[in-house]
Structures are given as structure tokens and as C-alpha cells.
Amino acid sequence: MEGSVINIDKKQFQNDLIDWFHTEKRDLPWRRTADPYQIWISEIMLQQTRVDTVIPYYKRFVEKFPTLHDLAMADEEVLLKQWEGLGYYSRARNLQAGVREVAEKYGGKVPGSRKEILALKGVGPYTAGAVLSIAYGLPEHAVDGNVMRVLSRILLIDEDIAKPKTRKVFEEAVTALISHEDPSAFNQGLMELGALVCTPTSPKCLLCPVREHCAAFNEGRQHELPVKTKAKTNKGVNYAMVAIRSGESLLMEKRPSTGLLANMWQFPLLEIAESIGAPGVEERLSEQFKGTVEKAEKITSFKHVFSHLTWNVDGFIAKGVNLEIPENMKWVNAAEMDLLPISGPVQKMKTALTSRGDA
DNA sequence: AATTCGTGGGC
DNA sequence: TGCCCAAGAAT
């Protein structure tokens, strides 16, 4: 399998791929900059996230934080608000941690060695190679899902790409194949090919610029690759989400700094065994806040699917009187709430409130 | 090595 | 509807 690398006319393969990339590449915002900091941002946002989704976020982000220094100085809540809706929120906090490290240790210049950039928070093997090749023109491998799919077909590699150790096989393949004249176009070309032509289902082989190099195509086996075992099923959790009102204010709660939706804000959330009614909500919250939560009313019910779990949420509205609230909660008015970073489930709750005229 | 981390789109 | 997926990293 790795032996397949030597069966490729490397120079011809590089030329075919790179020529195609320069001709057919999409005009993406992060391809209009040479700033390593901005390229870094794009690579973080693109992790497990579609190009079309990232584009508007990237534009707003670089406008809000044009330089590495701007992001280093930013308030985390403002940062998370910019990231709201993009998902995987630890990416944003890790990015800022990495940026601050660059500001302190490297005088604000993104380091240009794999060892140094790999040590930055949120930067793994893929992102390190991507920034080094795209921003600095270095012949470093950048193996993502696209690259594994494309090369599994071209080189007829049938190892399970869901297994962590398999990535190394592809890193070695890229190291052997990468163009030293244009590493950036080579790496981006592999990914662009995966996105536009060598797609997971229905690969457009007749449009492929490197099909004559492709072992899978030559054997008619492109649909068999890549080999990828499937993930586990996700579990469900039941919650009561409660918008507690006092005058013109609503009670909001900041989530813990680790784990799911870290540091994001939400309406107070009760984990429940089964669906509980409004009386149950009043009882549990009154006890929790050592006050009175009354006039609870269910206003919505929805499901929110995460990667590995599902929230089944019953949404309530209620009134709070003389509540003792903990450190991680605060009363906010409508304008203040708009500044808080919130996740998908809270967004759904907010929509239910708004359509009802209660927020 | 296996889990944990979001979201929206496609079929 | 349910499942898979999309420029992965941290634990």
C-alpha cells in the first residue's frame, strides 16, 4: 500500500494537481490574505465545519479582530459572541490562548517551525501543517479528512481512517509526494479536490485532474474507499429550561469553564428523569434559590442534537420572587441578554419567548 | 485508544 | 426521520 507511492509519477501528479488548483480554486476570503494570523483563524474555524458556514464568521471575525494583538486583548465574552453558532466553542478560547502565547513568546509573529506552532493551544498536526505550508510555503504535511479520502483512493490505501494511527500513514504519503516548489498549492489542492471532485459519495472521477494517477479509479473501486468504521450512537438527556422573570429582567446562568458549551450562557437548566410539569419546576427552583418561583408555564418543547448526545428540552417561563442567586448567575434586561454568548438550545428557547412576546 | 466537544446540510 | 458528514484537537 505505501509501496503504491512509488508507482506514481510524482512530478506529473504534482503538476496536474497544482495546475488544476490554480485554475479551479474557489475565491475564498482567507485566500486573499498572506497574514499567518488570519490564515490561522481560518484553519481553526474550518475544523469540522463547512466552508459555506465559515465564510460569514471569518469575515466578521477578522473585521472585529484585524490583528493578532486585537484578539489577544479581546474580552472572552466578546470573543465567544463572535463565535456564537459556529460550534465547538473551545476552539475560540484555545485560539485566543494560542494567540496570547504568540504575543508573549514570539513578539506577535506566528512561529514558523512545526515544533513551535504545534505547541500552541488548539493547534494539532493538521492545523500546524496547514499554516506552515499556506502561510510560510514550507513542505509540511497537512492531513485532514479530505486528504485521507483522496489519497486512500489514489494510492488504494484501505486502512480504517477512523483510527487515529492511520493518519500517520497518510502523513508519510504526503511527505513523499508533496511539491517543494509550491507546498501551499499542493496541500490546498488535495483538500480542494476532496471538496469539489473526490467527494465522499458520487466522486466526479470524469472531471478529476489526477484520475490517470488514481489506483482506485483504474480498478473501478473508488466507491469502496475510504474505509471508515462508524461512530457510536448518542444518548439522550432530559432537561427543563426555565426563563425566570422578575420585572423586566430574566435570570441567566453561565456554564462551567470546562465541558460542553463551556462558558456559554443559558436559562437555568434542570436535569430531569422524565417530563415534569409546571408544579415540579416551581418546587425544585423555589428550593434551589431559597425563594419563590411561581406561575410556571410550559411554552415550548424541542430536541437539540449534539455530536454525541441529544437534549430533550421542555421550556418553561416562570416568575421569581426574592431569589438568592449564585455567583454564576445574573439578572439581565433584553439589551444585556443580546451581548451574552448563547448556544443552539438557548437560541431555540429565546425564539419561543420572543414569538410569545415575553422577551 | 476511545470520548468529548456543535452545527447545519444532504439524502 | 435518522444518519452521515465537514479544512480536528484535547483529554
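Predicted, not measured: the structure shown is a model, and the values here were computed from it. Naming convention: chains lettered A, B, ... in sequence-line order (proteins, then strands); numbering from 1 in each chain.
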Engineer: Could you check whether R60(A) makes a cation-pi contact with Y57(A), meaning its NZ or CZ is under 6.0 Å from the centre of the six-membered ring and within 45° of the ring axis?
Structural biologist: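 Yes, cation above the ring, under 6.0 Å and within 45°.
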Engineer: For H308(A) and dG6(B), is the shortest distance between a side-chain N/O and OP1 or OP2 below 4.0 Å?
Structural biologist: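 No, outside the criterion.
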Engineer: From CE of M191(A) over to P of dG8(C), roughly how many Å is that when rounded to an integer?
Structural biologist: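 For the pair M191(A) CE and dG8(C) P, the rounded distance is 9 Å.
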Engineer: By the 4.0 Å heavy-atom rule, please label G259(A) as base, sugar-phosphate, or nothing.
Structural biologist: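 G259(A): backbone/sugar contact only, no base atoms under 4.0 Å.
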Engineer: Roughly, in whole Å, what's the span from CH2 in W83(A) to C1' in dC5(B)?
Structural biologist: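 From W83(A) CH2 to dC5(B) C1': 13 Å.
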Engineer: Is the distance between the ring centroids of W30(A) and Y58(A) under 6.0 Å?
Structural biologist: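 Judged by ring-centre distance (under 6.0 Å), W30(A) and Y58(A) do meet the cut-off.
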Engineer: I want to verify a distance call: between dG6(B), dA6(C), dG8(C), whose nearest atom is closest to the T127(A) side chain?
Structural biologist: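 From the listed options, dG8(C) comes nearest.
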Engineer: Pick the P atom in dA9(C) and in dG8(B), then give their distance to the nearest Å.
Structural biologist: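 dA9(C) and dG8(B) have their P atoms separated by 22 Å.
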Engineer: Return the 5'-most residue of the pair R149(A), K121(A) with respect to DNA chain C, ranking by each residue's nearest nucleotide.
Structural biologist: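 Looking at DNA chain C, the more 5' nearest nucleotide goes with R149(A).
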Engineer: For T201(A) and for Q47(A), locate the closest nucleotide of DNA chain B by heavy-atom distance; then report the residue assigned to the nucleotide nearer the 5' terminus.
Structural biologist: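 The residue closer to the strand's 5' end, by nearest nucleotide, is Q47(A).
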Engineer: Does the structure place the NZ or CZ of K330(A) under 6.0 Å from the centre of the six-membered ring of W265(A), at an angle of no more than 45° from the ring's axis?
Structural biologist: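 Yes - K330(A) lies over the ring of W265(A), closer than 6.0 Å to its centre and within 45° of its axis.
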Engineer: Can you sort out the partners of E336(A) under salt bridge (Lys or Arg N to Asp or Glu O under 4.0 Å), two or more places apart, ordered by chain and number?
Structural biologist: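 Applying salt bridge (Lys or Arg N to Asp or Glu O under 4.0 Å) to E336(A) gives none.
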Engineer: For the side chain of Q48(A), counting heavy atoms from C-beta on, which of dC5(B), dA9(C), dA6(C) is nearest?
Structural biologist: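 That would be dA6(C).
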Engineer: Find the distance R91(A):CZ to dT7(B):P and express it as a whole number of Å.
Structural biologist: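 Taking atom P of dT7(B) as the reference, CZ of R91(A) is at 10 Å.
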Engineer: How would you label the contact of W30(A) with the nucleic acid (heavy atoms, under 4.0 Å): base, sugar-phosphate, or nothing?
Structural biologist: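 Base, at least one base atom sits under 4.0 Å.
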Engineer: How is R26(A) classified with respect to the nucleic acid when contacts are heavy atoms under 4.0 Å: base, sugar-phosphate, or nothing?
Structural biologist: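 Base, at least one base heavy atom under 4.0 Å.
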Engineer: Between F302(A) and H304(A), does the ring centroid distance fall short of 6.0 Å?
Structural biologist: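 Judged by ring-centre distance (under 6.0 Å), F302(A) and H304(A) do not meet the cut-off.
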Engineer: When the nearest nucleotide of DNA chain B is assigned to P164(A) and to V305(A) on a heavy-atom basis, which residue is associated with the more 5' position?
Structural biologist: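 Here P164(A) is the residue nearer the 5' end.
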Engineer: Taking the same atom, P, in dT1(C) and in dG6(B), what whole-Å distance lies between them?
Structural biologist: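 Each nucleotide's P atom is 25 Å from the other's.
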Engineer: If you look at every strand shown and take non-hydrogen atoms under 4.0 Å, does V51(A) touch a base, only sugar-phosphate, or nothing?
Structural biologist: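 Counting heavy atoms under 4.0 Å across all strands, the contact made by V51(A) includes a base.
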Engineer: So what does L28(A) hit on the nucleic acid, given a heavy-atom distance under 4.0 Å: a base, only sugar-phosphate, or nothing?
Structural biologist: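 Here L28(A) touches the bases of the nucleic acid.
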Engineer: Could you tell me how far dA6(C) sits from dC5(B) if I compare only their P atoms? Round to whole Å.
Structural biologist: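 Comparing P positions in dC5(B) and dA6(C) gives a spacing of 23 Å.
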Engineer: Which of the following nucleotides, dA10(C), dG6(B), dG8(C), is nearest to the side chain of D144(A)?
Structural biologist: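 Closest nucleotide to the D144(A) side chain: dG8(C).
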Engineer: Can you check the F306(A) CZ to dC3(C) C1' distance for me, whole Å?
Structural biologist: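 Nearest whole value for this atom pair: 18 Å.
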Engineer: Starting at CD of Q82(A) and ending at P of dG6(B), how long is that distance when rounded to a whole Å?
Structural biologist: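 To the nearest whole Å, that distance equals 18 Å.
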Engineer: Holding to ring pair (Phe, Tyr, Trp, His ring centres under 6.0 Å), I want the full list of residues that pass it with F289(A), two or more places apart in sequence or in another chain.
Structural biologist: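 Once residues adjacent in sequence are excluded, F289(A) has no partner under the ring pair (Phe, Tyr, Trp, His ring centres under 6.0 Å) criterion.
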Engineer: Nearest to the side chain of R50(A) - dA6(C), dA10(C), dG6(B)?
Structural biologist: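 Nearest to the side chain of R50(A) among the choices is dA6(C).
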Engineer: Would you indicate which nucleotide in dT7(B), dA10(C), dA6(C) comes nearest to any side-chain atom of S307(A)?
Structural biologist: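 That would be dT7(B).
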Engineer: Rounded to whole angstroms, how far apart are CG on L309(A) and C1' on dT4(B)?
Structural biologist: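 Going from L309(A) (CG) to dT4(B) (C1'), I get 9 Å.
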Engineer: Would you say a side-chain N or O of Y88(A) is under 4.0 Å from OP1 or OP2 of dA10(C)?
Structural biologist: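 Looking at the OP1 and OP2 atoms of dA10(C), neither is under 4.0 Å from any side-chain N or O of Y88(A).
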Engineer: Under 4.0 Å between any heavy atoms, over every strand shown, what does T53(A) touch: base, sugar-phosphate, or nothing? Just pick one.
Structural biologist: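 No contact.
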